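To keep things clear, I will list the structure first and then write my remarks on it.
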Amino acid sequence: MKIGITGCAGRMGQMLVREVLFTDGCSLAGGTEGPGHTTLGQDIAQTAGLEPCGLAITDDSDSLFAAADAVIDFTVAPVTEIHARFTKKHGTNLILGTTGHDGSQLASIEAAAAYAPIVKAMNFSVGVNILFALTKKLAGTLDEEFDIEIVEMHHKHKVDAPSGTALGLAQAAADGRGVDLNHVVDRGRDGITGERIRGHIGLAALRGGDVVGEHDVVFAGSSERIKLSHIAASREIFAKGAVRAALWSAGMSPGLYDMLDVLGLSSGDA
Ligand code: NAD
């Protein structure tokens, strides 16, 4: 499978280049960066700290989508909307790891999924997706006597909060309880908030250092507390999951999928 990487000089982009080059059944179709980026024209593999591969970084996403069987996108939300249009134009499979999309950007991505398979995941790690499934299961098993709080921590460069993964965990908990997340979510408490409301799901975000990603889902009852935790020690787990998703997408019908589909966990039964 020929795989292209957008944002190939970024933190995840470089990791993805390495993963594609070292995975059987994959070859690198090319890589892009934003217009004016300092790495334009440089060798893609060399920029990722490897021996040169003979492919230069360009800012021509249109040509990358035309040349690739699948494109993996970990860039920024406004740019992924443009990339979704190239998926629509060329029918190229899209593996979408970028987080922080607004409603209209999500609508563009959903529209493009009518033309090619798109795997969109807030977190491509296998372990986190098992955490999603466990959270949904536990939230459905424990009643509202158990308060659900989600705490996440990421490195100081992260620009959006709470993380897409934390929001996904909150959605999994809401799905498990059969409630609309929008009606029960408490984001970023501050000041005189009043007592906690029964049945609400709380979210808290910590930022600092070089933390790759930590997520805790706490079920706090009276006299007992259950905590589900995931700690990402390296970004490699996201790159491995994204390349696994790209290979899985080969031969799939157009549609919007997530990592639970890739892992066969979409029923939420853990
Ligand atoms: P980063 O800033 O290091 O990399 C983003 C790259 O995109 C940069 O190199 C930037 O120059 C490039 N870019 C910007 N505009 C572009 C354009 N028009 N065309 C091509 N490239 C362009 O960020 P990062 O830490 O690699 O994270 C990127 C995204 O991936 C973020 O949204 C982050 O939250 C998300 N992420 C998701 C997962 C997951 O598993 N889903 C895991 C880690 C990070």
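First listed ligand is number 1; within each ligand, the first listed atom is number 1. In this text the structure is predicted, and so the values were computed from the model without any measurement. FYI, the numbering just counts along the sequence from 1.
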Numbered in order shown, the ligand 1 atoms found under 4.0 Å of a heavy atom of K158 are 34 (O)
Identify, for atom 14 (C) of ligand 1, the protein heavy atom at the shortest distance, and state residue, atom and that distance. V76 CG2, 4.2 Å
H37 heavy atoms, cut-off 4.0 Å: which ligand 1 atoms fall inside? 11 (O)
N/O donor-acceptor pair under 3.5 Å between Q14 side chain and A9 backbone: yes
Under 4.0 Å, heavy atoms only, figure out whether ligand 1 is touched by the backbone of V79, its side chain, both or neither. side chain
The remaining residues in the hydrophobic cluster of V76, counting side-chain heavy-atom contacts under 4.5 Å among Ile, Leu, Val, Met, Phe, Trp and Tyr, are V79
Parallel, tilted or perpendicular: which one describes the rings of Y257 and W248, with boundaries at 30° and 60°? perpendicular
Taking N or O atoms only and a 3.5 Å limit, does M12 qualify as a polar contact for ligand 1? yes
Positive for salt bridge (charged side-chain N to carboxylate O under 4.0 Å, His left out) with D147, one of R177, R198, R225, R196: R196
Tell me, which protein residue and heavy-atom name are nearest atom 8 (C) of ligand 1, and how many Å apart are they? E33 OE2, 3.7 Å
Between T80 and D73, does the side chain to side chain donor-acceptor pair (under 3.5 Å) criterion hold? Intermediate values first, please. CA-CA 7 Å; T80 62; D73 180 294; 4.9 Å; no
Between atom CD of E19 and atom SG of C26, what is the distance when rounded to the nearest 0.5 Å? 8.5 Å
What protein heavy atom sits nearest atom 22 (C) of ligand 1, and how far off is it? G34 N, 3.5 Å
Geometry only, no angles: is F124 polar-contacting ligand 1 at N/O separations under 3.5 Å? yes
Could you check whether atom CZ of R189 has more than 12 heavy atoms from other residues, nucleotides or ligands sitting under 6.0 Å from it? yes
Under 3.5 Å, N or O to N or O, is S61 touching ligand 1 that way? no
Using distance alone, determine whether T6 and ligand 1 share an N or O pair under 3.5 Å. no
Main-chain N/O of N123 paired with N129 side-chain donor or acceptor, under 3.5 Å: yes
Heteroatom proximity flag, G10 to ligand 1, N/O under 3.5 Å: yes
Can R235 be said to touch ligand 1, with heavy atoms closer than 4.0 Å? yes
If you look at every heavy atom in T75 and T98, which pair is closest and at what distance? N-OG1, 2.7 Å
Should V243 and V20 count as side-chain neighbours, where that means a heavy-atom distance under 4.5 Å? yes
So with a 6.0 Å cut-off around CG of D210, is the heavy-atom count from everything else above 12? no
With a cutoff of 4.0 Å, is A121 in contact with ligand 1, counting heavy atoms of the residue only? yes
How far is atom 33 (C) of ligand 1 from its nearest protein heavy atom, and which residue and atom name does that atom have? T99 OG1, 3.9 Å
To the closest 0.5 Å, what do you measure between CD1 (I118) and NE2 (H83)? 12.5 Å
With only distance considered, is R11 within less than 3.5 Å of ligand 1 through an N or O on each side? yes
Looking only at distances, please establish whether an N/O atom of ligand 1 is found under 3.5 Å from an N/O atom of M122. yes
What about G97: any of its N or O atoms under 3.5 Å from an N or O on ligand 1? yes
To check your reading of the model: name the closest protein heavy atom to atom 28 (C) of ligand 1, its residue, and the distance in Å. T75 O, 3.4 Å
Is the closest heavy-atom distance from H157 to ligand 1 below 4.0 Å? no
In this structure, atom 5 (C) of ligand 1 is nearest to the protein heavy atom F74 O, 3.8 Å
